[in-house]
Amino acid sequence: MGTVAAPVLSSEPEYYKVVAKTETTPPPRAEISKKYHLPELAVQIKRGKYTRVALQFPDGLLAHSTVFARVLSEELQRVDETEKEREVEVYVLGDTSYSECCVDEIAAQHVGADAVVHIGTACLSPVIATPVIYVFGEEDLDIDAVASTFRSQVPDKSAHVLLVSETPYQAYLGPLKSLLCEYPNLLTTVPAFAASEDNAPQELIVPSSLASSTHTERSEIPHRAHPPLRASLSDYILIHIGTLPPAAHLHLNTLFPSDRKPIIIDPVTSAPASSVSTPLARRYQTMMTARSASTIGILVNTLSLRSSSQLIDSLKSAIRNAGKKHYVIAVGKPNVAKLANFDVVDVWVIVGCARGGIIIDRYGEYFKPIVTPFELKLALKKQVEWSGGEWMLEFDRVLSMKDDDDEQEQSDQDETQAEDEDEAPEFDPVTGRYVSSRPLFQSLKTRKQHVDVEIEGTKPSDSAIISTNGNAGQLSTRGSAHYSTAAAYLQTRAFWRGLGSDFNDETDEEKKEEAEAEGAKLEEGRSGIARGYVNPDV
């Protein structure tokens, strides 16, 4: 028999493959200093009076980290040699907890950093507490070849064009617009932060020249701003420099009509990218699958983004109001093997950043469907109303979505329905099979308080709500005021009722139940070791 390879138990998801080009050797010091604008970065760190700074690199640029940290430390000493008593400690974060484009506040807290310098591609999603300085760098780009591709894709010189890029290529948009001066209706975009809130941490971009005072209008493209448009956004041709993850690509497609999809230019070849976007109809099918799910797993794919806690609470409330069960699970960077361990989950809803934190399972690698918070909100409505082309990823927009009814009004309606009639039959809209997607319906029907798996602020006396009654090891709820779907599941499916219960030949139901409760008769068997058993019957 030939050698069989071991199964792959951990795989890298498709959406993590869109990263910066892997560097194996660090470039010269002068190139590092120029590429990442280290003198200006040192000035900003000193101006913020930070004493411990964490450098966050994507995996593909970790080879730059040692030279980067060494040159930055020298620049910090050169900025103000009189402040010897306030030296700045520089740490390099070796790995990211979640998406590389997001600021990793968790890893920064491990070293007690009071600021994070995020290097490379960034989603610019608002953080919770730690000040951030973004350093995009300047990846190699042949702007002459890109300009040639631009002219071939947009032959009409009077067309309205919007030029966007991934953050490492932002510095090239100004020179590229100058090369394309024959296009009078060409507009560029600049990175833009979310609206500031009270007590929000400071966010800066180095170099500061990437910001513009003329780009005053917030774009529908996430975290971008542009000058006032001369027509509606759907009338523009979007040219995007840089490869996009599937979720971000699909979101861009939904902003434009089907006959004017965004043109993605590969920065390596300077030619239009041949990436295939996920059809929106596929997302509609996945959303309909979530309607028939009884247990929903809330997959946390970020711990640093502002409003993530509010979004999780909103999803939990919507799931409970729909009569479904939920679990909140964080597994770090999710992959197929990790999520396969949670067989009880029928569908996942992933909470992550709009650029790299959303999983689009284009190849059916995952065992259970994965939906976005927007799709789950639609799936939990009584009547699905998905207007063509709409697909939200931003937390704030999903939080602003209205539910069918007020929470108390919805609860009263469900209780009335539970009293008057049994649960209406439900069929999976995708497979057509009968399903029971409301496990909490029994709690409403019997007017019992449901025992939730996660109880915040539980007192010691409250922890004994569920106990065993000592009779055949059956799990039950204490008293008649509580109901637990977990206990009901274990009572019906996960208990072995004793020796011989699996081979009960009784046909009478009463005798069968008595036999299962009684179990088999215990007899003394053989004793000794394998080479010489002692059999009492011989």
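These numbers come from the heavy atoms of this one structure, side chains and all, not from hydrogens, waters or symmetry mates. Keep in mind that what you see is a predicted model, and the values were worked out from it rather than measured.
- Going from atom CG of Leu55 over to atom CG of Leu93 covers 7.5 Å, rounded to the nearest 0.5 Å.
- Here the two rings, on Phe342 and Trp348, have centers that are under 6.0 Å apart.
- Ion pairing of Glu166 with Arg355 is present here, as a side-chain N (NZ or NE/NH1/NH2) and a carboxylate O approach within less than 4.0 Å.
- Under the 3.5 Å distance criterion, with hydrogens and angles disregarded, a donor-acceptor pair is assigned to the side chains of Asp346 and Ser294.
- Within the cation-pi definition used here (under 6.0 Å to the ring centroid, within 45° of the axis), Lys325 qualifies as a partner of Tyr327.
- Lys333 and Ser99 share no donor-acceptor pair across their side chains, judged by distance under 3.5 Å alone.
- In this structure, Cys102 SG and Leu124 CG are separated by 10.0 Å, a value rounded to the nearest 0.5 Å.
- Residues His249 and Thr243 have side chains that never bring a donor and an acceptor to within less than 3.5 angstrom of each other.
- Listed by chain and residue number, His64 satisfy the side-chain hydrogen bond (donor to acceptor under 3.5 Å, both in side chains) test with Tyr36 (two or more places apart in sequence, or in another chain).
- Side-chain atoms of Asp114 and Thr51 include a donor-acceptor pair closer than 3.5 Å.
- Residues passing the side chain to side chain contact (heavy atoms under 4.5 Å, CB included) test with Leu303 are Tyr98, Ile106, Val300, sequence neighbours excluded.
- Here the two rings, on Tyr169 and Phe136, have centers that are 6.0 Å apart or farther.
- Shown here are the ring pair (Phe, Tyr, Trp, His ring centres under 6.0 Å) partners of His118, two or more places apart in sequence or in another chain: Tyr134.
- Phe256 and Pro262 get closest at one heavy-atom pair: CD1-CG, 3.9 Å.
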| Do Val135 and Ile205 pass the side-chain contact (heavy atoms from CB on, under 4.5 Å) test, and can you show the C-alpha distance, the side-chain angles, and the key distance before you say yes or no? | CA-CA 6 Å; Val135 180; Ile205 295 176; over 6 Å; no
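- With sequence neighbours left out, Tyr172 forms a side-chain hydrogen bond (donor to acceptor under 3.5 Å, both in side chains) with no residue at all.
- For Glu40, the side-chain hydrogen bond (donor to acceptor under 3.5 Å, both in side chains) partners are Ser208, not counting sequence neighbours.
- Annotation: side-chain hydrogen bond (donor to acceptor under 3.5 Å, both in side chains) contacts of His37 (sequence neighbours excluded): Glu138.
- A salt bridge is defined here as a Lys NZ or Arg NE, NH1 or NH2 lying under 4.0 Å from an Asp or Glu carboxylate O, and Glu75 with Arg78 meets this definition.
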